[in-house]
Amino acid sequence: MKLPRCATLSEIKCRARSQKTSNSSTIGSLGVSVHSRTQWKITKKDQKMHWLVFEEGGLPDGTEVAYYSRGKKLLVGYKQGSGIVCSCCNSEVSPSQFEAHAGWASRKKPYGYIYASNGVSLHEFAMSLLRGRKSSVKDSDDLCIICADGGILVLCDGCPRAFHKECASLSAVPRGKWYCKYCENKFQREKFVEHNANAIAAGRISGIDPIDQISKRCMRTVKNPEEAEVIACALCRCYDFSKSGFGPRTVILCDQCEKEYHVGCLKKRKIAELKELPKGKWFCCADCKRIYSALQNSLNSGEERLSESCLGAVRMKLKEKRMDFVGDLDVRWRLISGKITSRETRVLLAEAVSIFHDCFDPIVDSATGRDFIPSMVYGRNIRGQDFGGMYCAILTVNSIVVSAGILRIFGQDMAELPLVATRIGSQGQGYFQLLLSCIEKLLAFLNVRRFILPSAVEAMSIWTEKFGFKEIPPDLLVSYKKTCWQLITFKGTCMLEKMVPKCRIIRHEETEAEAEAETETETETETESDAPDE
């Protein structure tokens, strides 16, 4: 509630009662008469609310939008930064300018007629953002929306509007959440969305929460014009997508390989016959489901201690540097994810971020100045960049994180390692090679074919000569990005690849036989060295 600023409480109550008497028929039907009179009245507070769409946490960059009138699409574009990239001029414009480009400059209500591809208007989305925030007096109007007077006001929890208790026909100040008749009528209209021609044309589906869809797979996003030819159905390679209801041209995203598919193409190829958008995770094939399940099992199983037989190269390098451990060398590796955390793994993720920051310059978004590295490590989406499928692989020595890498697996086709580094002070001791070996064994177990990573030009020889990678020709890289367009590339780097060796399953009998053979060889060598000279 707000305190009166320019009149006493008794004077305000008198004016409110007087207005209530003269407009009793209107106030008595606040949800009908008053709403019809001021339905599209845009106040300064409404404009401030609308700005939430373009602030951090609002509509994701790349979200496809369009201007609709009388059920017809007049203009398309996509949200970018603080504006909309208009298709008619290929430049970033404000919502008002976008409305003007659609031929409706005189309407001056862009947020009510610009829709996302799932049929939710920018105005409706802004209201949902406001409802999701903690209510603040600063976000609400200073005057009663009915009588335009100040005083003790009741604030709506769904919009910026404020009311005198009497003007809103309230017998007492409501407790808890309270929504005005304007919002209640809007909620009712949402229940009967099939009568909204613009929402239907934009792709609104009755029974599905459109706000919840904003960050889910049925929302169409465009990263930038150059990628428009790349992002397409993985089966038919067509870019056309349906935004009105659930049908053959509806797009669905695999939760492992992240490829996009038309629902109709999945049915035609007899891959899947979907009747509706699936709840929870969806996978395009048995391999993707198997890989996802194996990765979750790896997360749950925790760290794996490496046997002494794996530490030969590390011990040799430590000996060369005269740093050989007298005691036990406890080396372990594990896969962790920012989506499944505990107190222990949160500490490990933070240490991985620290290692990357020590070894690399910040990877900064030019528009916001925000560093991408923490989002990549924790597998978070940020400003239109999808890092949700990323995992963090770490190597610890005596409980200290010495090496870390960021891993993403695009199904059986390929996996990428955009960042990998060793802690300063632990470099040159074989830990980097050991972590890379652990990751390769995991990929081999998952039957992943290719291993891809970016490399600085000065480090290419190390990757190619020591680890067996080779440079990807530009035309082949374009081909890869047609199926895995999320591949991360950095300016000034070369993209390298390596075929993952086949996973060899060693039986227990073979292990024992090899161990016995090694023991016999060592015994023979010792006998020869102890023999006297002839």
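Treat the numbers as computed from the prediction; the structure is a model and nothing was measured. Residue numbers start at 1 and run along the sequence shown. Just so you know, these numbers use all the heavy atoms, side chains as well, and skip hydrogens, waters and symmetry mates.
Here the side chains of Glu471 and Met495 are not in contact, with every heavy-atom distance at 4.5 Å or above. A 4.5 Å side-chain heavy-atom check between Ile114 and Ser121 finds every atom pair outside the cut-off. Counting heavy atoms from C-beta on, the side chains of Ser479 and Asp475 never come closer than 4.5 Å. Within the 4.5 Å cutoff, no side-chain heavy atoms of Glu273 are placed close to those of Val263. Looking only at side-chain heavy atoms (C-beta outward), Cys236 and His262 come within less than 4.5 Å of each other. Side-chain contact between Lys72 and Asn198 is absent, with no heavy atoms from C-beta onward closer than 4.5 Å. At least one side-chain heavy atom of Leu74 sits less than 4.5 Å from a side-chain heavy atom of Trp104. At least one side-chain heavy atom of Met460 sits less than 4.5 Å from a side-chain heavy atom of Cys494.
To the nearest 0.5 Å, atoms SG (Cys144) and CZ (Arg161) are separated by 11.5 Å. To the nearest 0.5 Å, atom CD1 of residue Ile406 and atom CE of residue Met390 are 6.5 Å apart. The distance from the CD atom of Gln412 to the SG atom of Cys257 is 11.0 Å, given to the nearest 0.5 Å. In this structure, the separation between CG on Leu122 and CG on Leu52 is 12.0 Å, given to the nearest 0.5 Å. Going from atom OG of Ser337 over to atom CG of Leu299 covers 5.5 Å, rounded to the nearest 0.5 Å. Distance OG1/Thr345 to NZ/Lys339: 14.5 Å, rounded to 0.5 Å.
Checked for salt-bridge contact, Arg450 and Asp413 miss the test: no charged N lies under 4.0 Å from a carboxylate O. Between Glu440 and Lys498, at least one side-chain nitrogen of the basic residue sits less than 4.0 Å from a carboxylate oxygen of the acidic one, meeting the salt-bridge criterion.
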Gln486 and Glu258: CA distance, side-chain angles, deciding distance, side-chain hydrogen bond (donor to acceptor under 3.5 Å, both in side chains) verdict:
CA-CA 8 Å; Gln486 303 94 329; Glu258 302 184 24; 3.3 Å; yes
side-chain contact (heavy atoms from CB on, under 4.5 Å) between Phe163 and Leu153, intermediate numbers included
CA-CA 5 Å; Phe163 302 81; Leu153 303 174; over 6 Å; no
With side-chain hydrogen bond (donor to acceptor under 3.5 Å, both in side chains) as the criterion, how do Glu99 and Tyr67 come out once you've worked through the C-alpha distance, each side chain's angles and the decisive distance to 0.1 Å?
CA-CA 7 Å; Glu99 183 177 50; Tyr67 192 93; 2.8 Å; yes
His164 and Val154: side-chain contact (heavy atoms from CB on, under 4.5 Å), yes or no, with the steps?
CA-CA 6 Å; His164 290 122; Val154 180; over 6 Å; no
Applying side-chain contact (heavy atoms from CB on, under 4.5 Å), run through Asp287 and Leu446 and close with a yes or a no.
CA-CA 9 Å; Asp287 287 325; Leu446 298 175; over 6 Å; no
Criterion side-chain contact (heavy atoms from CB on, under 4.5 Å) on Ile488 and Leu419, from CA distance to verdict:
CA-CA 10 Å; Ile488 292 180; Leu419 291 178; over 6 Å; no
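Taking each heavy atom of Val76 and Ala66 in turn, the nearest pair found is CG1-CB, 4.0 Å. Nearest heavy-atom pair across Leu155 and Ala162 is CD2-CB, 3.7 Å. Taking every heavy atom of both residues into account, Phe54 and Ser82 meet most closely at CD2-C, 3.6 Å. Closest approach of Ser87 to Leu75, counting heavy atoms only: OG-CD1, 3.7 Å. The two residues Gly81 and Asp61 come nearest to each other via the heavy atoms N-OD1, 3.0 Å. Of all the heavy atoms in Ala126 and Val53, the pair that sits closest is CB-CG2, 3.7 Å.
Tyr115 pairs by the ring pair (Phe, Tyr, Trp, His ring centres under 6.0 Å) definition with Tyr68, not counting sequence neighbours. Residues passing the side chain to side chain contact (heavy atoms under 4.5 Å, CB included) test with Ser298 are Leu335, sequence neighbours excluded. Listed by chain and residue number, nothing satisfies the ring pair (Phe, Tyr, Trp, His ring centres under 6.0 Å) test with Phe410 (two or more places apart in sequence, or in another chain). For Tyr378, the ring pair (Phe, Tyr, Trp, His ring centres under 6.0 Å) test picks out no residue, with sequence neighbours left out. Arg269 is linked by a salt bridge (charged side-chain N to carboxylate O under 4.0 Å, His left out) to nothing, counting only residues two or more places apart in sequence or in another chain. Every side chain to side chain contact (heavy atoms under 4.5 Å, CB included) that Ala234 has, sequence neighbours left out, goes to Lys259, Tyr261.
In this structure a side-chain-to-backbone donor-acceptor pair under 3.5 Å is present from Asp157 to Trp178. Of the possible donor and acceptor atoms, one in the side chain of Lys79 sits under 3.5 Å from a partner among the backbone N and O of Leu59. Remark: side-chain polar atoms of Lys109 are paired, donor with acceptor, to backbone N or O of Arg107 under 3.5 angstrom. A donor-acceptor contact shorter than 3.5 Å is absent between the side chain of Gln296 and the backbone of Ser293. Distance alone, capped at 3.5 Å, is enough to place a donor-acceptor pair between the Thr493 side chain and the Phe490 backbone.
Residues Trp282 and Tyr292 place their aromatic rings such that the two centres sit no closer than 6.0 Å. Aromatic ring centres of Phe125 and Tyr111: separated by at least 6.0 Å.
A cation-pi arrangement is absent between Arg408 and Tyr391, since the terminal nitrogen or guanidinium carbon is not both under 6.0 Å from the aromatic centre and inside a 45° cone about the axis.
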